[in-house]
J.: 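Shown below is the structure under consideration.
Since we're looking at a predicted model, the values are computed, not measured.
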Amino acid sequence: MRRLVGLVAAITVAAGFSSAAHANNAQTTGSDPMGDLIIGALSAITPGIVDMKLKATLYHAGARGVGALDSLGCKVVAMRTAAIDSKLIPRRTVLFIKETVGLPMPDGGVHDGYWYASDVGGAIKGERIDLFTGSGRGSMSPMMPLNLSRLSVSKVGQFKGCPPR
């Protein structure tokens, strides 16, 4: 088993996948982050594999029609909540968007690329994704270069309950 874990770790590092980033996502299905990492690596579900290219738009709290809760009834989380077409991406899907890696987070950290498909919107149909940036129009400025561009989106897991903050 130790050899398998070592092999999987080597493969995921070579693919550019951070196990620390995945381990921080404690809400994914199952309670064993290392087990999830192994299963993901063996099934070739890694952030390096792009499932789709989606046209991105941005939304923020304070905009007309934007509430404090997502479509699951959970609080929207700045730089984590994504609104999707649930016919294309099921709600409660963990997404990896490589273009968001390194963007500034509201807490002063940097984004690891992980988003949570927990919201839907009337205008989000087909190959579109709407990313929640935070409170007020100013929260959108770090993400403006990505607005209306096509982003590389990978489905990397599922989460239960509400997305982590």
Side-chain angles (χ1 to χ4, degrees), residues 15-18 21-22 24-30 33 36 39-40 43-165:
F17 182 64
S18 167
H22 184 75
N24 286 337
N25 179 15
Q27 293 286 328
T28 57
T29 302
D36 292 343
I39 299 233
S43 63
I45 300 172
T46 61
I49 298 173
V50 175
D51 288 333
M52 61 198 84
K53 294 287 247 179
L54 302 179
K55 184 177 181 180
T57 52
L58 309 175
Y59 72 112
H60 63 86
R64 192 173 69 154
V66 176
L69 301 178
D70 62 22
S71 65
L72 297 174
C74 302
K75 287 187 177 184
V76 290
V77 182
M79 301 292 287
R80 294 289 181 200
T81 298
I84 44 77
D85 180 341
S86 60
K87 293 176 185 166
L88 183 66
I89 299 172
R91 288 186 307 160
R92 289 196 164 90
T93 299
V94 180
L95 304 171
F96 180 78
I97 304 173
K98 74 176 187 174
E99 291 87 352
T100 64
V101 173
L103 290 176
M105 293 291 288
D107 65 2
V110 294
H111 208 288
D112 58 5
Y114 290 92
W115 293 79
Y116 300 89
S118 64
D119 207 0
V120 295
I124 309 303
K125 302 289 184 210
E127 296 182 350
R128 293 206 34 208
I129 189 166
D130 204 6
L131 304 174
F132 180 70
T133 59
S135 182
R137 189 169 184 80
S139 70
M140 295 177 19
S141 58
M143 299 257 319
M144 280 311 248
L146 301 179
N147 193 36
L148 303 178
S149 64
R150 294 193 77 71
L151 302 181
S152 307
V153 179
S154 303
K155 299 179 211 174
V156 295
Q158 297 289 311
F159 65 92
K160 293 180 181 178
C162 291
R165 295 179 197 211

J.: Does any non-hydrogen side-chain atom of Lys125 lie less than 4.5 Å from one of Lys87?
T.: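 No. Closest side-chain heavy atoms not under 4.5 Å.
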
J.: Starting at OG of Ser71, measure out to CD1 of Ile84 and round the result to the nearest 0.5 Å.
T.: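 Here the interatomic distance stands at 7.0 Å.
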
J.: Looking only at heavy atoms, which two atoms of Leu88 and Glu127 are closest? And how far apart?
T.: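 Closest approach of Leu88 to Glu127: CD2-CA, 3.9 Å.
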
J.: Evaluate the side-chain proximity of Ile129 to Lys55: yes if any heavy-atom separation is below 4.5 Å, no if none is.
T.: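 Not in contact.
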
J.: Taking disulfide bond (SG atoms under 2.5 Å apart) as the cut-off, I'd like each qualifying pair that reaches into residues 69-135, sequence neighbours left out, listed once.
T.: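 Disulfide bond (SG atoms under 2.5 Å apart) check on residues 69-135 returns Cys74-Cys162.
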
J.: Between Arg91 and Ser86, which heavy-atom pair has the shortest distance, and what is it?
T.: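 So the minimum-distance heavy-atom pair works out to CG-CB, 4.4 Å.
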
J.: Measure the spacing between NZ of Lys53 and OG of Ser149 and express it to the nearest 0.5 Å.
T.: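 Rounded to the nearest 0.5 Å, the NZ-OG separation comes to 8.5 Å.
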
J.: For the CE atom of Met52 and the CG atom of Leu95, what is their distance to the nearest 0.5 Å?
T.: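 Reported to 0.5 Å precision, the distance equals 7.5 Å.
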
J.: For the CZ atom of Arg128 and the CG atom of Asp85, what is their distance to the nearest 0.5 Å?
T.: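 Arg128 CZ to Asp85 CG: 10.0 Å, rounded to 0.5 Å.
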
J.: Evaluate the side-chain contact (heavy atoms from CB on, under 4.5 Å) criterion for residues Val153 and Trp115: first the C-alpha distance (whole Å), next the side-chain angles of each, then the deciding distance (0.1 Å), finally the verdict.
T.: CA-CA 10 Å; Val153 179; Trp115 293 79; over 6 Å; no

J.: What's the shortest heavy-atom distance between Tyr116 and Tyr114, and which atoms?
T.: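 Minimum heavy-atom contact is CE1-O, 4.4 Å.
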
J.: Side-chain contact test, heavy atoms from C-beta onward, threshold under 4.5 Å: evaluate it for Glu99 versus Met143 and give yes or no.
T.: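 Counting from C-beta outward, Glu99 and Met143 never come under 4.5 Å.
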
J.: With rounding to the nearest 0.5 Å, note down the distance linking OG1 in Thr100 to NE2 in His111.
T.: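 Separation between the atoms: 4.5 Å.
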
J.: Is there a side-chain contact between Thr57 and Leu148, using heavy atoms and a 4.5 Å cut-off?
T.: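 Thr57 reaches Leu148 side chain to side chain.
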
J.: Going by heavy atoms in the side chains, are Phe159 and Leu72 under 4.5 Å from each other?
T.: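 A side-chain contact exists here, since the closest heavy-atom pair is under 4.5 Å.
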
J.: Assess, by modelled atom type and distance only, whether the side chains of Ser154 and Asp51 contain a donor and an acceptor separated by less than 3.5 Å.
T.: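 Side-chain D/A pair, Ser154 to Asp51: absent.
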
J.: Do Ser118 and Val77 have side chains that approach each other closer than 4.5 Å (heavy atoms only, starting at C-beta)?
T.: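 A side-chain contact under 4.5 Å is absent here.
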
J.: What pairs of residues pass the disulfide bond (SG atoms under 2.5 Å apart) test when at least one of them lies in residues 102-144, not counting sequence neighbours?
T.: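 Listed once each, the pairs would be none.
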
J.: Once you round to the nearest 0.5 Å, how far does OG1 of Thr81 lie from CG of Asp130?
T.: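 Answer rounded to 0.5 Å: 11.0 Å.
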
J.: Quick one, Lys75 and Leu69 - any side-chain contact, counting heavy atoms below 4.5 Å?
T.: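 Lys75 reaches Leu69 side chain to side chain.
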
J.: Kindly indicate, with the supporting measurements, whether the criterion side-chain contact (heavy atoms from CB on, under 4.5 Å) is fulfilled by Val94 and Gln158.
T.: CA-CA 5 Å; Val94 180; Gln158 297 289 311; 5.8 Å; no

J.: Within the 4.5 Å heavy-atom criterion, are His60 and Ser139 side-chain neighbours or not?
T.: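 They are in side-chain contact.
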
J.: Work out which heavy atom in Ile89 is nearest to a heavy atom in Ala117; give both atom names and the distance.
T.: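 In this case the closest contact between Ile89 and Ala117 is CG2-CB, 4.1 Å.
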
J.: Please collect all ring-ring contact (aromatic ring centres under 6.0 Å, His included) contacts where either partner lies in residues 120-153, sequence neighbours excluded, each pair once.
T.: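 Matches after skipping sequence neighbours: Tyr59-Phe132.
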
J.: Which one of Asn147, Ile97, Leu146 satisfies the side-chain contact (heavy atoms from CB on, under 4.5 Å) criterion with Leu131?
T.: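 Answer after filtering Asn147, Ile97, Leu146: Ile97.
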
